[in-house]
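These notes are about the structure you will find just below.
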Number of protein chains: 2
Amino acid sequence: MKKADHTECLSAMLPVRDALDVISGKWKLMILISISSGNHRFREIERSIPKINSKVLAKELKDLEEHTLIKRTVYDESPVIVEYITTPYAASLGKVIKELRDWGVNHRKKIIGK
Amino acid sequence: MKKADHTECLSAMLPVRDALDVISGKWKLMILISISSGNHRFREIERSIPKINSKVLAKELKDLEEHTLIKRTVYDESPVIVEYITTPYAASLGKVIKELRDWGVNHRKKIIGK
DNA sequence: GTAAGCAGTTACCTAAAGGTAAGCAGTAAC
DNA sequence: GTTACTGCTTACCTTTAGGTAACTGCTTAC
């Protein structure tokens, strides 16, 4: 039983909270995964994620762009093409996503095993 | 540019979603961090987490217990003592929390640096 | 000329998460 | 005997996340 160090405890909690503020919610990581798996167009992303709708997708894409996790580029050919790509900064989330995925796989096993 | 593999993409997204279902939200990880930092009593945990309130804490503790991430023990001394401890299963979240924390620290630096 | 695809937007609604404030039963301290 | 601590619960309210459905302007395909 460790001694409760209030300062140390806070210094662990606050960054975790910061991270969750950016990535939690039902869709953000799924969108990042979809884009980095090769889906770059709005409708492509939409179709790749079950049950998402265009309003939510549009909003989440804006959020992700504000956090500089994705980049939106408009190619002014006719017809206009809009492309979403992940930024190098998004790659820094790779480990986070990997650990979440591994844990999720294991957790599902545990629950089904019951 | 990778080719979009729908199946592979889904098999990455769904476990991540499963994991987030368990740990996302404003308080769950903070509570786990608090308990594993040595806060084991209800009021102790409450005081260690800024801005949380007892209604929310009580509810989140129940959720965490249902997911077998913490264990609640009542010691029937007088006065009754209630103790919360993390389970070995919660330890499996260690890497997830570490990566979230590291990313959060870095993200904060990046934002302040702007 | 009508249908269908593109990248969204708009108005409206529901459900869930979270917050506020008060209170309760028990104990113990002053 | 009043105050304060424990571990909660209750009723009520607000805020936000997310969902539905329709519709826009533009383009190309049949």
Side-chain angles (χ1 to χ4, degrees), chain A residues 4 13-14 16-32 34-35 38-67 69-86, chain B residues 4 6 13-14 16-32 34-35 38-67 70-86:
Chain A
M13 290 191 299
L14 299 182
V16 169
R17 166 75 62 83
D18 289 341
L20 284 179
D21 283 347
V22 177
I23 64 161
S24 86
K26 206 167 168 181
W27 303 111
K28 293 207 177 62
L29 288 185
M30 321 222 6
I31 294 168
L32 282 178
S34 173
I35 297 176
N39 301 114
H40 301 291
R41 310 286 300 277
F42 190 92
R43 295 286 180 204
E44 247 176 26
I45 301 166
E46 193 176 6
R47 279 191 298 264
S48 75
I49 302 175
K51 311 262 184 183
I52 202 169
N53 60 70
S54 38
K55 182 205 142 189
V56 167
L57 178 57
K59 188 226 160 210
E60 298 289 67
L61 286 170
K62 274 177 199 154
D63 286 358
L64 291 169
E65 205 190 350
E66 274 177 28
H67 287 298
L69 291 166
I70 60 173
K71 188 167 178 301
R72 179 179 185 272
T73 313
V74 180
Y75 293 101
D76 222 355
E77 299 146 22
S78 157
V80 163
I81 284 176
V82 181
E83 196 184 63
Y84 294 93
I85 52 170
T86 54
Chain B
H6 199 61
M13 290 191 298
L14 299 182
V16 169
R17 166 75 62 82
D18 289 342
L20 283 179
D21 282 348
V22 176
I23 64 161
S24 85
K26 205 167 170 180
W27 303 112
K28 292 206 179 61
L29 287 186
M30 324 227 355
I31 294 169
L32 282 179
S34 173
I35 296 176
N39 301 116
H40 300 291
R41 308 286 300 277
F42 189 92
R43 295 285 182 203
E44 248 177 24
I45 301 166
E46 191 174 7
R47 279 190 299 264
S48 75
I49 303 176
K51 311 261 183 184
I52 202 170
N53 61 68
S54 40
K55 182 203 142 190
V56 167
L57 179 56
K59 188 226 160 212
E60 297 290 66
L61 286 171
K62 272 176 201 156
D63 286 358
L64 291 169
E65 206 191 348
E66 274 177 28
H67 287 299
I70 61 172
K71 187 167 181 302
R72 179 180 185 272
T73 313
V74 181
Y75 293 102
D76 222 355
E77 296 145 24
S78 156
V80 163
I81 285 176
V82 180
E83 197 185 61
Y84 294 93
I85 53 169
T86 55

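Throughout, a chain's letter reflects where its sequence line sits, starting with A, and its residues are numbered from 1. All values below come from the heavy atoms of this structure, side chains included, with hydrogens, waters and symmetry mates left out.
- For the pair A:Asp76/A:Val80, a side-chain contact is recorded, criterion being any heavy-atom separation below 4.5 Å from C-beta on.
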Using a cut-off of under 3.5 Å, enumerate the N/O to N/O pairs linking the protein to nucleotides 24-30 of chain D.
unit_1	atom_1	unit_2	atom_2	d
D:dT28	OP1	A:Ser78	O	3.1

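- Pairing each heavy atom of A:Ser48 with each of B:Met13, the nearest pair is O-CE, 3.4 Å.
- Judged by closest nucleotide on DNA chain D, B:Phe42 is the one of B:Phe42 and A:Lys28 placed further toward the 5' end.
- Atoms NE2 (A:His40) and P (C:dG8) sit 15 Å apart, rounded to a whole Å.
- Near DNA chain C, meaning a heavy atom under 4.0 Å from it, residues 51-62 of chain A has A:Ser54, A:Lys55, A:Ala58, A:Lys62 in order of number.
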Item to complete: Please report the C-alpha distance between A:Asn39 and B:His6 in whole Å, then the side-chain angles of each, then the deciding distance to 0.1 Å, and finally whether the side-chain contact (heavy atoms from CB on, under 4.5 Å) criterion is met.
Response: CA-CA 9 Å; A:Asn39 301 114; B:His6 199 61; 5.8 Å; no
Discussion item. Using salt bridge (Lys or Arg N to Asp or Glu O under 4.0 Å), reason through B:Arg43 and B:Glu46 one step at a time and then give a plain yes or no.
Written reply: CA-CA 5 Å; B:Arg43 295 285 182 203; B:Glu46 191 174 7; 2.9 Å; yes
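- Atom CD1 in B:Ile49 sits roughly 16 Å away from atom C1' in C:dG19 (whole-Å rounding).
- Pairing each heavy atom of A:Trp27 with each of A:Val56, the nearest pair is CD1-CG1, 3.3 Å.
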Fill in: Check against side-chain contact (heavy atoms from CB on, under 4.5 Å), A:Ile31 and A:Ile70
CA-CA 10 Å; A:Ile31 294 168; A:Ile70 60 173; 5.6 Å; no
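- Whole-Å rounding puts the B:Leu20 CG to D:dA17 P distance at 15 Å.
- For the pair A:Arg47 and C:dG5, the criterion of a side-chain N or O lying under 4.0 Å from OP1 or OP2 is not met.
- Shown here for B:Leu20 and A:Gly25, the closest heavy-atom pair between the two residues is CD1-O, 4.1 Å.
- The separation between B:Asp76 atom CG and C:dG26 atom P is 13 Å, rounded to whole Å.
- Taking both residues in full, the closest heavy atoms of A:Glu44 and A:Gly38 are given as OE1-O, 3.8 Å, listed atom of the first, atom of the second, then distance.
- Between B:Met30 atom CE and C:dA17 atom C1' the separation is 16 Å, expressed in whole Å.
- Rounded to an integer number of Å, the gap from B:Ile81 CD1 to D:dT6 P is 11 Å.
- Regarding contacts with the backbone of C:dG8, every side-chain N or O of A:Arg41 stays at 4.0 angstrom or more from both OP1 and OP2.
- The interatomic distance linking B:Arg72 (CZ) with D:dT6 (C1') rounds to 12 Å, in whole Å.
- Nearest heavy-atom pair, A:Tyr84 versus A:Ile35, reported as atom, atom and distance to 0.1 Å: O-CG2, 3.5 Å.
- Nearest heavy atoms, A:Lys26 versus B:Arg17: O-NH2, 3.0 Å.
- Helical stems in DNA chain D, defined as runs of 3 or more consecutive Watson-Crick or G-U wobble pairs with donor-acceptor distances under 3.5 Å: C:1-30 with D:1-30.
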Worksheet item: B:Leu61 and B:Arg72: side-chain contact (heavy atoms from CB on, under 4.5 Å), yes or no, with the steps?
Response: CA-CA 9 Å; B:Leu61 286 171; B:Arg72 179 180 185 272; over 6 Å; no
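- When the C1' atom of C:dA28 is taken as reference, atom CD of B:Glu77 falls 15 Å away, rounded to whole Å.
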